[in-house]
Amino acid sequence: MSLKVGKQLKSLETVLLLGFFIITGALSVLSAQGRTRRYVWKVEKRYKSVDCFKKLVITINGSAPGPTIYAREGDTVIVEVINGLITENTAIHWHGIRQIGTPWSDGAEAVTQCPILPGEHFFYNFVVDRAGTFMYHAHYGMQSSDGLVGMIIVSVKPGFVEPFKYDHDRNILLTDWWHKSKSEQTTGLLSKPFTWVGEPQSLLIQGRGRYNCSLINDDTLCRNNNTDCSPYVLKVDPGKTYRLRVGSLTSLSALNFEIEGHNMTVVEADGHYVAPFLVSNLYIYSGETYSVLITANQDPSNKYWIATNVVSRPPNTDTGLAILNYRQQSSGSSPSTNPPIGPLWNDTAPRIRQSLKIKAHRDHIISPPKTSDQTIILLNTQNKIDGYIKWSINNVSYTLPQIPYLISLKKNVTDAFDQSPAPVSYDYQSYDIYSVQTNPNATSSSSIYRLEFNSTVDIILQNGNTLNPNNSETHPWHFHGHDFWVLGYGTGKYDPKTDLEKNSNLVDPIMKNTVPLHPYGWTAIRFIADNPGAWFFHCHIDPHLLMGMSVVFEQGIHRVGKLPSSIMSCVPRSD
Ligand code: C2O
Ligand code: CU
């Protein structure tokens, strides 16, 4: 339909030729208007053996990972979610989509909507306003990594030239996998005594992994020749260049990704063009996406491993494997080489080096404001509350309110969450980030940060020591509703007087929606509070989020349009 209109206008334009600028104006308005992509998704549990071990998996229309959403910049995406989980609520977050004008479609349960109850239908309706590689996942408890994950690929507008060339486009989604259900894990994490989830049983590439079934020795439960768990095969044509869109939605693991014998050029991060750089392996944290270019220029008579390995925690999981296969090769057999074992898990130096390398492409720099109106320092620590183990920000472990923030803020319900402002700093004069806190007790609260609309805000994420001596973890922080500038990274305690001046990049910082906080380090980001709504900012490690590692930012709440009643199913009616 729109194509036809476009053609008619074009011929009209040729007939009337110059002078009629109004017509050419109308044409561009027409072509700027996106299409609508509609999906109907039934969310259901099914038995699957994605790593050869049979367990209940959350599927979308029968598949896990779910279908990839393909859209073009400016399109409207409408997803009707039918919760077929029978006994579980759900909600789906569109990770990396800013939801400008549609904060109620963000899918963050307890922040922007009530959960979707079993049997309910819910419509997500939003515009994908920027090209790039994004993802979606459940945002209800720890549900996402029971399989409810997928990718969103937004292509550029016609005529727009990307700053790199490739012949083919492929997606690779990375996840980690446990044999225990998420509800069992959740119970352990929230109980006294605390039960940690442990390292994953498998790493999955495109939803497939391989658990060693001889460790179980029960054919009905685990069979290594099950086709459910045959590895993903990337077929390539010799000489061609591939854009691989790699995303990680691990529940816990920081990963290293590599393709045997093939270097990768990093060209995109979280939907922003990167000043290209070459790597032999790529670190990727949960919530991040990268596009890398590879050229199929190796001996086509060999096969090559595509591998992921755990970093930043002592690994206890086999390498996740897929296979790169040149087109003329028969499928079936595996590469003859040993799978890559990845870099040293506890070597943080190359991880920091990669973080520092990621800068905006010179033709695509979006300059940050030179100064900020406010700085918020967020100390990340492990704490105790009544003997329960928690994660806290400035010694406050967050708790979710009964009524989602977006609703209580907009409707001015003041008893729905703690109205006192969340703390903007910690005692950085005397705090020793290198040792276990002398008093590890924290408080819990549902308080939030309320920002002045359109103000520029700096956030300093400050890492510290966990409850175990000589231990600091990596935390990938993800912001809903925003891209932010990554101003810099440092080690040790951030000094508010000197560090930003000395160690920040205001020239060509990359914009991202997820950024790592490295062990014993700090990460500085800047953003503009210009998206009316209530937005989650949290560690993307599921158990950490569950244990309180999160904050919420409000901005411009009075500019938010009329809330759809469909998000309010858990709110008592006031009339
Ligand atoms: Cu992908 Cu709130 O997260
Ligand atoms: Cu974390």
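Start at 1 and go down the list; that is how both ligands and their atoms are numbered. Since the model is a prediction, treat every value here as computed from it, not as a measurement.
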*Can you see which heavy atom on Cys114 is nearest to which on Met568, and at what distance?*
SG-C, 3.5 Å
_Can you confirm whether or not the ring centre of Trp535 sits under 6.0 Å from the ring centre of Phe479?_
no
*Given atoms ND1 of His475 and SG of Cys539, what angle do they subtend at the Cu ion (ligand 2), to the nearest 10 degrees?*
130°
*May I ask you to list the protein N, O or S atoms found at less than 2.8 Å from atom 2 (Cu) of ligand 1?*
His139 NE2, His480 NE2, His538 NE2
*Measuring from atom 1 (Cu) of ligand 1, name the closest N, O or S atom belonging to His137.*
NE2
_Minimum-distance N/O/S atom that His544 presents toward the Cu ion (ligand 2)_ = ND1
*Asp146 and Lys182 ion-paired at < 4.0 Å*: no
*Got a sec: does the CG of Asp427 have more than 12 other heavy atoms crowding it under 6.0 Å?*
yes
*Between Tyr124 and Trp41, does the ring centre distance come in under 6.0 Å?*
no
*So, His139 versus Phe536, ring centres under 6.0 angstrom or not?*
yes
*Assert yes or no for the condition that the ring centre distance of His480 to His538 is strictly below 6.0 Å.*
yes
